[in-house]
Number of protein chains: 2
Amino acid sequence: MTQTTSDMPGKAPRRQPAEKPARARPKGSQRVYDALRYDIISLTIAPGSILEETALCRQYKVSRTPVREALIRLSSEGLVDLEPNRGASVATLQFIDVVDHYEAMEIFQPVTCHFAAVRSSPADIKTIKATLAKFCTAVERSDHEGIIRFNYDFHSAIATASHNGCIERGYRQMLVDKLRIAQHGLPSVTRHRATALADRFAGTMRISVRLVDAIEQGDASAAEEIARELNEYVRAQVVSRFSVGLGHQVQLPTAQRRTDGETRGQVVKLPARTRQRSGA
Amino acid sequence: MTQTTSDMPGKAPRRQPAEKPARARPKGSQRVYDALRYDIISLTIAPGSILEETALCRQYKVSRTPVREALIRLSSEGLVDLEPNRGASVATLQFIDVVDHYEAMEIFQPVTCHFAAVRSSPADIKTIKATLAKFCTAVERSDHEGIIRFNYDFHSAIATASHNGCIERGYRQMLVDKLRIAQHGLPSVTRHRATALADRFAGTMRISVRLVDAIEQGDASAAEEIARELNEYVRAQVVSRFSVGLGHQVQLPTAQRRTDGETRGQVVKLPARTRQRSGA
DNA sequence: CGCTCCGCGATTGTATACCATAAAAATACA
DNA sequence: TGTATTTTTATGGTATACAATCGCGGAGCG
C-alpha cells in the first residue's frame with residue numbers, strides 16, 4: 001500500500017539504472033524502508049512514536065537485519081531518531097522545526113529556481129512541466145496523496161535542473177521535511193471538504209505555473225521572485241493551520257536570541273551562474 | 001594504520017567503571033564508521049576505491065553486520081556509493097563536484113554567517129572563538145590534521161550559531177564535502193614545506209578572525225561580505241592546486257547547459273531574521 | 001517509610017550461517 | 001575460431017542465534 005514509482009531520494013540520486021519497473025519486487029530492506037518512510041511522511045505514524053524492531057519484523061515479515069538497515073537510512077535522512085541502546089523513534093517535528101523550514105526555504109527556493117532558470121536544459125523543462133501537469137491533475141481531482149507526491153516531484157525536478165549537486169541535494173533534503181510539514185496543513189478534516197482542498201492548492205498551482213514559465217524563459221530574477229511568493233503563500237497557509245491548533249503538537253521552543261534587530265531587506269549577492277568548467 | 005589515538009584496541013573487554021565523557025565509544029559499528037569516515041575524508045582511501053566487506057571485517061576485527069551498518073550510514077552521507085548487489089566504493093569527488101561546492105558555498109556561507117551574526121548567543125560566540133583559537137594554534141604549529149579538523153569545527157560552530165536547523169544541517173553537510181576537497185589543496189608535497197603550509201592558512205586565519213569579529217558585533221552585512229571573501233580566497237587556492245594537476249583525478253564533466261548568459265550581480269533578498277515564535 | 005542495590009526481563013548490538021544473485025570462466029556448438 | 005550458454009564462484013542480502021546493555025521492580029537495610 002505504500003509503493004509508488006516516483007523517484008524519492010534514498011538511492012543514488014544521479015544514477016538512473018536500467019529499468020525493472022514491471023516486477024516491482026524490491027528487496028526486503030528497500031521495501032521496509034519505503035513503507036516506513038511513507039508512513040512517517042504521511043503521518044500515519046505519529047511523530048515521537050517508538051519503533052520497536054521486533055514489531056516491525058512481524059509487520060513486514062522480515063528479520064531484524066533489513067529492519068535495522070531501513071532504520072539507519074531513515075535516521076540519516078532525519079526522519080527517525082536513533083539512540084544507541086535505546087531504540088528508534090519517529091523524529092519529532094519540533095526537531096525539523098516548521099518555522100526554520102520556511103525561513104530556510106525563503107532562501108533555498110529562490111536560489112534553486114534561479115539556478116534552474118539559467119541552467120535548465122530543454123529536457124529539464126520537459127520533466128518539470130510533466131511533473132507540474134501531474135500535480136495539476138491531482139489538484140483537480142482533489143487527490144490528497146497525489147498532491148503531496150507530485151508537488152515533491154515537481155520541486156525535485158527543479159532541483160535537478162539547477163545542475164549544482166550541492167544545491168540539488170540540500171534542496172531535496174528540505175523537500176523531504178516539507179512532505180511531513182505539508183501534512184499538517186492537510187489534517188483529516190479537510191478530507192471532508194474536498195472543494196476547499198482543491199481551492200487552496202489551486203493557488204499553489206497557479207503560482208507554480210508562473211514559476212515554470214519564468215524558468216523556461218530563463219528569467220532568473222522573475223523565477224526568484226515567484227519562488228519567494230510561492231513559499232510565502234504556502235507558509236501562510238500552513239502556519240494558519242497550526243494556529244488553529246490542528247495536528248500533532250509542534251513545540252515552538254522559547255529560543256533565547258542575542259538580538260532581534262531589524263535586518264529585513266539585507267541582500268546576498270548570487271555568484272556567477274556561468275560555469276568555468278566548460279573550457280576544461 | 002589510520003587511527004590517531006584512542007580507539008584501536010579491538011579486543012579489550014576490560015570493564016570501564018564509570019564513563020568516558022563524550023569520547024569515542026568502543027562500539028563496533030561506531031568505531032568502524034568513525035575510522036572509515038576518517039580514512040575517506042583524509043583521502044587515506046582514494047576516491048573510487050572498492051570497499052569489500054570481508055576485507056573491512058578483517059581490518060577492524062568485527063563481523064559483517066557492523067561493517068554494513070557503517071557503510072549504509074556513510075552512503076547516506078554521500079561519502080560512499082552503494083550499488084545494490086554490486087558492493088560499495090568510496091564516493092568519487094567528481095560526484096560531489098568541487099566547482100559545485102564552491103559555487104554553492106558562495107551563497108550559503110554568507111547566509112549562514114548572516115544568521116549567526118544576528119542570532120548568535122554569547123555562548124555561541126564563546127564556542128566559535130574557542131574553535132578558532134584551536135585552528136590558529138594548529139596553523140602556527142603547521143599541524144596538518146588539526147588545521148582541517150578545527151577549521152571544520154570552527155564553521156560547524158558558526159552553523160550552530162545560525163539557530164536555524166535547516167541551514168545548520170545543510171551547511172554542515174557541505175562542510176563534510178569541504179573536508180575532502182580541502183585535502184586536495186594539501187597534497188603530500190606540502191608536508192615538506194611546512195612553512196608554505198602555514199603561510200597559506202595564515203591568510204585563511206586572518207580572514208576568519210575578521211569574520212568572527214563581524215559576527216560578534218552582530219554586523220550581518222560585514223559577516224556576509226567577509227564570508228564571501230573567505231570562500232573566494234579558499235576557492236582560488238584549491239582551484240590553483242587542481243590546475244597544477246596534483247591529487248586524485250577530478251573529472252569535470254562536460255555538462256550541457258542551455259544557456260550561459262551573464263547573470264552576475266543578481267541578488268537574493270534575505271528574509272527577516274527575527275523569529276515569530278517568541279510570542280508563543 | 002524511604003532509599004539503595006541487586007537481579008531479572010526485555011530490547012538492542014554483534015556474530016555467523018545460509019541463500020540469492022551477478023560477474024566470470026569454461027565448454028560446447030555453430 | 002568465435003559466440004552463446006551453462007556452470008562456477010565469489011560477493012552481497014537475509015535470517016537466526018548469541019551476547020551485552022539498559023530499565024524496572026522487589027527485597028533488604030537504614
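Proteins come first, then strands; the chains are lettered A, B, ... in the order of their sequence lines, and each starts at number 1.
Here A:Glu53 pairs with A:Arg64, A:Arg68 under the salt bridge (Lys or Arg N to Asp or Glu O under 4.0 Å) rule; sequence neighbours left out. Taking the salt bridge (Lys or Arg N to Asp or Glu O under 4.0 Å) definition, one finds that A:Arg86 meets it with nothing, sequence neighbours left out.
In this entry the distance linking CD of B:Gln30 with P of D:dT21 reads 15 Å, nearest Å. Whole-Å rounding puts the B:Leu51 CG to D:dT11 C1' distance at 14 Å. Put simply, CD on A:Glu53 is 11 Å from P on C:dT14, counting in whole angstrom units. Rounded to a whole Å, the CD atom of A:Glu69 is 10 Å from the P atom of D:dA15. Between the P atom of D:dG13 and the OH atom of A:Tyr33 lies a distance of 16 Å, rounded to the nearest Å. In this structure, A:Arg58 atom CZ and C:dA10 atom C1' are separated by 13 Å, rounded to whole Å. Rounding to whole angstrom units, CG of residue B:Leu82 and P of D:dT11 are separated by 16 Å. As a whole-Å value, the separation of B:Glu83 CD from C:dA23 C1' is 14 Å.
Among the heavy atoms of the strands lying under 4.0 Å from B:Ser29 are primed sugar atoms or P, OP1, OP2 only; no base atom is included.
Sequence order on DNA chain C of the closest nucleotides to A:Arg86 and B:Pro66 puts A:Arg86 first from the 5' end. Residue whose closest nucleotide on DNA chain D sits further toward the 5' end, between B:Ala88 and A:Val62: B:Ala88.
Ring geometry for A:His155 versus A:Tyr171: interplanar angle over 60°, hence perpendicular rather than tilted (30 to 60°).
For B:Asp39 (side chain) and B:Thr44 (main-chain N/O), no donor-acceptor pair under 3.5 Å exists by modelled atom type.
Salt bridge absent: B:Glu69 and B:Arg31 never bring a charged side-chain N and a carboxylate O closer than 4.0 Å. Looking at A:Glu77 and A:Arg73, no side-chain N of the basic residue comes within less than 4.0 Å of a carboxylate O on the acidic one, giving no salt bridge. Ion pairing between a basic and an acidic side chain is recognised when a charged N comes within 4.0 Å of a carboxylate O; B:Arg169 and A:Asp177 show such pairing.
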What's touching nucleotides 17-20 of chain C from the protein side, N or O pairs under 3.5 Å?
none

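Taking only side-chain nitrogens and oxygens, B:Thr65 never comes nearer than 4.0 Å to OP1 or OP2 of C:dT14. At least one side-chain nitrogen or oxygen of B:Arg68 sits closer than 4.0 Å to the OP1 or OP2 atom of D:dG13.
Of the candidates C:dA15, D:dT21, D:dT14, the closest approach to any side-chain atom of A:Asn85 belongs to D:dT21. Of the listed nucleotides (C:dT12, D:dC22, D:dA15), C:dT12 has the atom at the smallest distance from the side chain of A:Glu52.
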